[in-house]
Amino acid sequence: MKTSDWKQEFREALTGWYREEKRDLPWRHTRNPYHIWISEVMLQQTRVDTVIPYYARFTERFSDMKELAYAPEEELMKMWEGLGYYSRARNLQSSVREAYETYGEVPADPEKFGKLKGVGPYTEGAVMSIAYGIPAPAVDGNVMRVLSRILLIEEDIAKPKTRRLFEEAVMELIDREDPSSFNQGMMELGAVICTPRRPKCLLCPVRDFCGAYHEGREEELPVKSKKKKQQSFPQTVIALRDPEGRWLMEQRPEEGLLAGMWQFPTAETADPEEAVRIISGRHRLTVGPIEEAVRFRHVFTHRIWEVTAYAASVPDRGTPADRSGWFRPEEFDMLTLPNPTKKVRAALGL
DNA sequence: AAGCCGTGGTG
DNA sequence: TCACCAAGGCT
């Protein structure tokens, strides 16, 4: 099938299939570069079904660049709550502000756009091609999987440098008449046909061009080295209630895991007695008898929390440490709570 | 380069 | 249950 113009035939097969069969997704109804930017950031390492409601709320509340650029960070984080990878939101806001103040719009120049915080090689190519029709590579996990099968590329896609190889391949193949449909077609193909396991080759619009299909090796590619498994950490939560029904909450550090988010007092130990000592010392207060409320495991990308949560009463509020305070359950909604904290809150019936 | 950074779905 | 993984980027 690799005739002199197989690349052109491949392009037409892919983009034709995409234009006919693409899923109806909210961000495919707009050509607003800013909205497309938002969608691409939300979609980083995040499933389509998860993103849809967030995208709808976010583009309604922050409908143009100016709205987001000068929104209170507190409100921004509430809109992002539950999506994960919270630095995405902070980088997006600061970059939207920078773009708005510098260019007054999303720059239609890959060099300029790609310099913005939170805009990496993938997002740069995706927004430039989808919003402006610029032929730039948008290589994500889908594209590496699809191309490794079609072109029989055996480099380890877990290695950072491998992405550049695929970017070069995309630039050889991309449809310069419609880079948007080409890039989105590659990703759509990876999402619905050329899946990691049991790819649906019989439904594939480009199987005639696929080396792996011809050799029956579609399940062997791509080559991807294993990541080592996460380490577990004990987390003992002591939820403390004062006589007026307020609960003590702590704000996490501004950097690192769950940066700036709020949680019930927590100590990194499996021993509840030790946790009580740590937390009562931290806030200079006296803790009554503790009662177990819930026990669960929370899995992050790179670590696991083994959480055990207890509730206890305190006779008075002591001297709260910095970055902490007492809140009524109705007031929790003002705080940005990560999922583990939401699980504890639910177990306490708050 | 390799570790950090969330969450939810899946087989 | 558990490993994998999903439209990655930063350091």
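Because the structure is a prediction, the values reported are computed rather than measured.
- One atom, CD of A/Gln184, and another, C1' of C/dA6, lie 17 Å apart when rounded to the nearest Å.
- For the residue pair A/Gln44 / A/Arg88, no side-chain donor-acceptor distance below 3.5 Å is found, with atom types taken as modelled.
- For residues 259-282 of chain A, the pairs satisfying salt bridge (Lys or Arg N to Asp or Glu O under 4.0 Å) are A/Glu250-A/Arg282, with sequence neighbours left out.
- Rounded to an integer number of Å, the gap from CD1 of A/Ile52 to P of C/dA6 is 17 Å.
- Between A/Lys342 atom NZ and B/dG8 atom C1' there is a gap of 13 Å when expressed in whole angstrom units.
- The existence of a salt bridge linking A/Arg90 and A/Glu73 is confirmed by a sub-4.0 Å separation between a basic side-chain nitrogen and an acidic carboxylate oxygen.
- A/Glu40 and A/Tyr122 form a side-chain donor-acceptor contact under 3.5 Å, judged by distance and modelled atom types alone.
- Using a 4.0 Å cutoff on non-hydrogen atoms, the parts of residues 12-29 of chain A near DNA chain C are A/Arg23, A/Leu25, A/Trp27, A/Arg28, ordered by number.
- A perpendicular orientation is assigned to the rings of A/His298 and A/Phe300, their planes being inclined by more than 60° (bins at 30° and 60°).
- When the P atom is used for both C/dC2 and B/dC5, the distance is 23 Å, rounded to whole Å.
- Taking the charged nitrogens against the carboxylate oxygens, A/Lys342 and A/Glu81 do have a contact shorter than 4.0 Å, which makes a salt bridge.
- Applying the 6.0 Å contact sphere to CZ of A/Arg31 captures no more than 12 heavy atoms from other residues, nucleotides or ligands.
- In this structure A/Ala99 satisfies the side chain to side chain contact (heavy atoms under 4.5 Å, CB included) test together with A/Trp37, A/Met65, A/Tyr103, A/Pro107, A/Leu116, sequence neighbours excluded.
- Across every non-hydrogen atom of A/Ser129 and A/Ala126, the tightest pair is OG-O, 3.1 Å.
- The base of B/dG6 lies close enough to the side chain of A/Thr46 for a donor and an acceptor atom to sit less than 3.5 Å apart.
- Projected onto DNA chain B by closest heavy-atom contact, A/Lys343 and A/Lys161 fall at different nucleotides, the more 5' of which corresponds to A/Lys161.
- By the 6.0 Å and 45° rule, A/Arg57 stacks over the aromatic ring of A/Tyr54.
- A 6.0 Å sphere centred on CD of A/Glu105 holds more than 12 heavy atoms belonging to other residues, nucleotides or ligands.
- Phosphate proximity of C/dG8 to A/Gln45: present, with a side-chain N or O under 4.0 Å from OP1 or OP2.
- Within 4.0 Å of A/Gly82, counting heavy atoms only, lie sugar-phosphate atoms of the nucleic acid but no base atom.
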List, with names and distances, any nitrogen or oxygen atoms from the protein found under 3.5 Å away from nitrogen or oxygen atoms belonging to nucleotides 9-11 of chain C.
unit_1	atom_1	unit_2	atom_2	d
C/dG9	OP1	A/Gly120	N	3.0
C/dG9	OP1	A/Gly120	O	3.4
C/dG9	OP1	A/Thr123	N	2.9
C/dG9	OP1	A/Thr123	OG1	2.7
C/dG9	OP2	A/Tyr122	N	3.2
C/dC10	OP1	A/Gly118	N	2.5

Shorter than 3.5 Å, N or O on both sides, protein versus nucleotides 1-4 of chain C: list them out with atom names.
none

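- The side chain of A/His298 places no N or O atom within less than 4.0 Å of a non-bridging phosphate oxygen (OP1 or OP2) of B/dG6.
- For A/Arg345 and A/Asp333, the salt-bridge test passes: some basic side-chain N is under 4.0 Å from an acidic carboxylate O.
- A straight line from CD of A/Glu40 to C1' of C/dA6 spans 13 Å, rounded to a whole angstrom.
- A salt bridge does not link A/Arg149 to A/Glu220: none of the charged side-chain nitrogens sits closer than 4.0 Å to a carboxylate oxygen.
- Other residues, nucleotides and ligands place no more than 12 heavy atoms under 6.0 Å from the CZ atom of A/Arg164.
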Please write out each protein N/O paired with an N/O of nucleotides 3-5 of chain B under 3.5 Å, distance rounded to 0.1 Å.
unit_1	atom_1	unit_2	atom_2	d
B/dG3	OP1	A/Lys228	NZ	3.4
B/dC5	OP1	A/Leu257	N	3.0
B/dC5	OP2	A/His302	NE2	2.7

